[in-house]
Every structure is written in C-alpha cells, then in structure tokens.
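One is the number of the first residue; the rest follow in order along the sequence.
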Amino acid sequence: MNRAATLETVFVVVPADAVPAYEAALETVCAAVGTFFEDEEAGIWRVEGVRAPGFALAMAAFASGVDAVLQRRDTDADGWLGRVYEGFPEQLIGRRFAVRGTHVTAQPAPGRITLRLDAGLAFGSGEHGSTRGCLRALERVAYRQPRRVLDMGCGSGILAMGAAKLLKRRVLAVDIDPWSVQVTKQNARLNFIAACLRVRHGNGWQAAAVRHGQKFDLVFANILARPLCLMARHLAAHLAPAGTAILAGLLAKQARAVLAAHSRQGLRLEGLLREGSWVTLVLRKPAGA
C-alpha cells in the first residue's frame, strides 16, 4: 500500500476553553490529534494534528471565540510513527490496569487488566494524568459494584472499557465527537468487549441515550474544568442516590471551582487523587437524595 513519505503537522496554541472546538476541527482532517501544555501556569494549550499535506482547514474560531493562527511543519512519516511508538510504552496504572498500544509485543503484565489501544486516535491513552487518575479512582470505588455506568465524553473509550472489564458490567459511552464514537467502537472490538459497550453520539447530557430520566450509579466525566462546572446540575440530576461521580481534566488550581459547582448540587467530596499537575475528584450523592 502506498503512503506519503512525509506528513504535515499542523497546530494551534489556544486557552483551555478553546481546546475542544479546535480538537474537533483538527480531528475532521487529521489521522492523529494530540493536546499538550504550552504554558501550564497560564492554562495555554497546544492542539496538534498530523495529516497528509494539501488541504484547506476551516478552523473553529467562531465556535470558540478564539481566532488562532494555524501553524505547519513537514513531518517524516516513519519518524513520526517511531516517535509515537517510543512515547507510548506499556502504562501500568494503579494496582489493576495495564494500557498498551498494538505495537507492544511483550507478554502482558501478569495480574492486571490489559486495555489495548493506540495513542493519538482520540483523547485517553493512559499516559495523561487525568486518564490515570480516573482509572485509579475506579479501583477505589469498584467494591460498590455499580450497575449502571456512564462514560460522559468517552474519547478513546479507555474509561468505559476499564469499567466494563473490572466491574463485569455493560457501560454506556457518549461523546459529542463522531470520530471519538468510532474510535471507542474500534477499541471495544480490539479488546473483545464490543458487546459490553453501548456507544452513542450526543451532546453531553442532551444526548438521547441519557436525557430521559435515567439514573446512573457511576459517572465518569474526564473533560475540562469549565464544561464540568456548566454540567454540574445535569450530572447531579442523573446520578442515582448513593451514586459516584469521577471528575477529571482539571488542574489542581481549578479543583476548588469544580468542587463548588457540584457541592451546590448536593454532591459531597469523597476523595481527591493527584497525578502531577492534574486532579481527579471522587464525588458522591447522599443515599437519601
């Protein structure tokens, strides 16, 4: 099969609130999209995509309100693939999970639940602090055996797959990005758990799969601080009494605002996990609520 000898890397540098819109724009035309910090203290991100050269990209300035400058550089295809593989070894997370790309040929780590997926297809491949924090939080609450589980903003599907494998439950996974929905389905097949994941496209809590009064015992929301705050009321309304919410995608300095938004809806902080600069909140709804 013929493939281009060179690829083109395109990227924008934007504030955190504009990241989802620019990720979605790049994902429509790029084989791989990644998000990285440019300035952690200022909350400035670099959204980068790799693609074959020769197209015009309409950016997400209108949706985000940020008019970012698209920058380009040529990227050697073999070199880029090698860097992706080198930068994505097997990830051992918590006590129970191992995340590995399809390029890893060594024997799986014994005694761990292996999740197979490749970095760069959609957000969530085990190397990011927010993903790692969510899997560690899942280990902490698994003893409750939640029956109805939702991964809101599923990305690659890594959290939905981890919950399905650890809890032996069917999990609903929802994302606003059609590409993430396809990637999650692909990863579920790769891990032989397609029957355990119900993957749906939808706009957050307005998605048809979740909006009709359904209550969940466990909800993952690994998104960003601002949308987490905006969705706090809907999350609380869809969380079952004594249910647990695992929230991530936020820096330590953002945790107080996210916690306050959910505390106003009656949720209580049960735990806080740190992975570098990233924080994962474990919240619980009172049993009588």
Side-chain angles (χ1 to χ4, degrees), residues 14-23 35-37 39-45 47 64-66 94 123-124 128-141 146 149-155 158-160 162-163 173-177 180 202-207 210 215-286 289:
V14 296
D17 289 350
V19 166
Y22 278 91
E23 280 183 328
T35 307
F36 315 94
F37 263 124
D39 184 336
E40 189 166 323
E41 288 299 317
I44 302 298
W45 294 68
V47 184
S64 66
V66 175
F123 181 80
H128 197 279
S130 61
T131 307
R132 298 173 68 89
C134 286
L135 289 173
R136 288 174 53 210
L138 171 61
E139 290 181 347
R140 287 193 178 190
V141 304
V149 181
L150 168 66
D151 184 0
M152 175 58 74
C154 59
I158 185 171
L159 302 180
V174 175
D175 205 290
I176 193 173
D177 174 29
S180 292
N203 183 7
W205 294 102
Q206 301 305 311
V210 298
K215 303 281 187 180
F216 296 93
D217 303 305
L218 174 62
V219 174
F220 296 99
N222 182 12
I223 312 176
L224 288 170
R226 186 167 181 267
L228 284 174
C229 292
L230 294 174
M231 296 193 303
R233 178 172 60 86
H234 298 289
L235 186 150
H238 286 84
L239 197 61
T244 304
I246 296 175
L247 309 183
L250 53 141
L251 296 167
K253 64 183 180 181
Q254 299 169 322
R256 180 176 296 179
V258 174
L259 177 58
H262 290 80
S263 295
R264 287 193 292 270
Q265 304 301 323
L267 304 189
R268 298 173 181 171
L269 179 65
E270 188 173 72
L272 185 151
L273 293 81
R274 295 181 183 271
E275 284 276 350
S277 301
W278 297 93
V279 166
T280 299
L281 300 178
V282 182
L283 307 180
R284 198 167 190 198
K285 191 173 187 176

Would you give the length of the straight line joining atom [atom1] of [X] to atom [atom2] of [Y], rounded to the nearest 0.5 angstrom?
| X | Y | atom1 | atom2 | answer |
| --- | --- | --- | --- | --- |
| F220 | D151 | CZ | CG | 6.5 Å |
| L273 | S130 | CG | OG | 12.5 Å |
| L247 | L228 | CG | CG | 5.5 Å |
| T244 | L239 | OG1 | CG | 7.0 Å |

Query - Pairwise salt bridge (charged side-chain N to carboxylate O under 4.0 Å, His left out) hits with a residue in residues 218-228, at least two apart - result: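 Salt bridge (charged side-chain N to carboxylate O under 4.0 Å, His left out) check on residues 218-228 returns D17-R226.
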Check [X] against [Y] and note the closest heavy-atom contact, atom names and distance.
| X | Y | answer |
| --- | --- | --- |
| D175 | C154 | OD2-N, 3.1 Å |
| R136 | E275 | NH1-OE2, 3.0 Å |
| G202 | V174 | O-CG1, 4.0 Å |
| Q254 | G249 | OE1-O, 4.4 Å |
| P15 | I44 | CA-CD1, 4.1 Å |

Got [X] and [Y] here, is their nearest side-chain heavy-atom distance under 4.5 Å?
| X | Y | value |
| --- | --- | --- |
| V141 | I246 | yes |
| T131 | I158 | yes |
| L138 | L218 | yes |
| W205 | L235 | yes |
| L283 | L269 | yes |
| N222 | M152 | no |
| L272 | T280 | no |
| W278 | L250 | no |

Query raised in the report: Under 4.0 Å between a Lys/Arg side-chain N and an Asp/Glu carboxylate O for R140 and E270?
Result: no
Report task. Would you check if the side chain of K285 reaches a backbone N or O of A236 as a donor-acceptor pair within less than 3.5 Å? Result ->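 Yes; judged by distance alone, with no hydrogens or angles, the pair exists.
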List the atom pairs, with distances to 0.1 Å, where a side-chain N or O of residues 255-268 and a protein N or O form a donor-acceptor pair under 3.5 Å, not counting sequence neighbours.
| residue | atom | partner | partner atom | Å |
| --- | --- | --- | --- | --- |
| H262 | ND1 | V258 | O | 2.8 |
| S263 | OG | L259 | O | 2.9 |

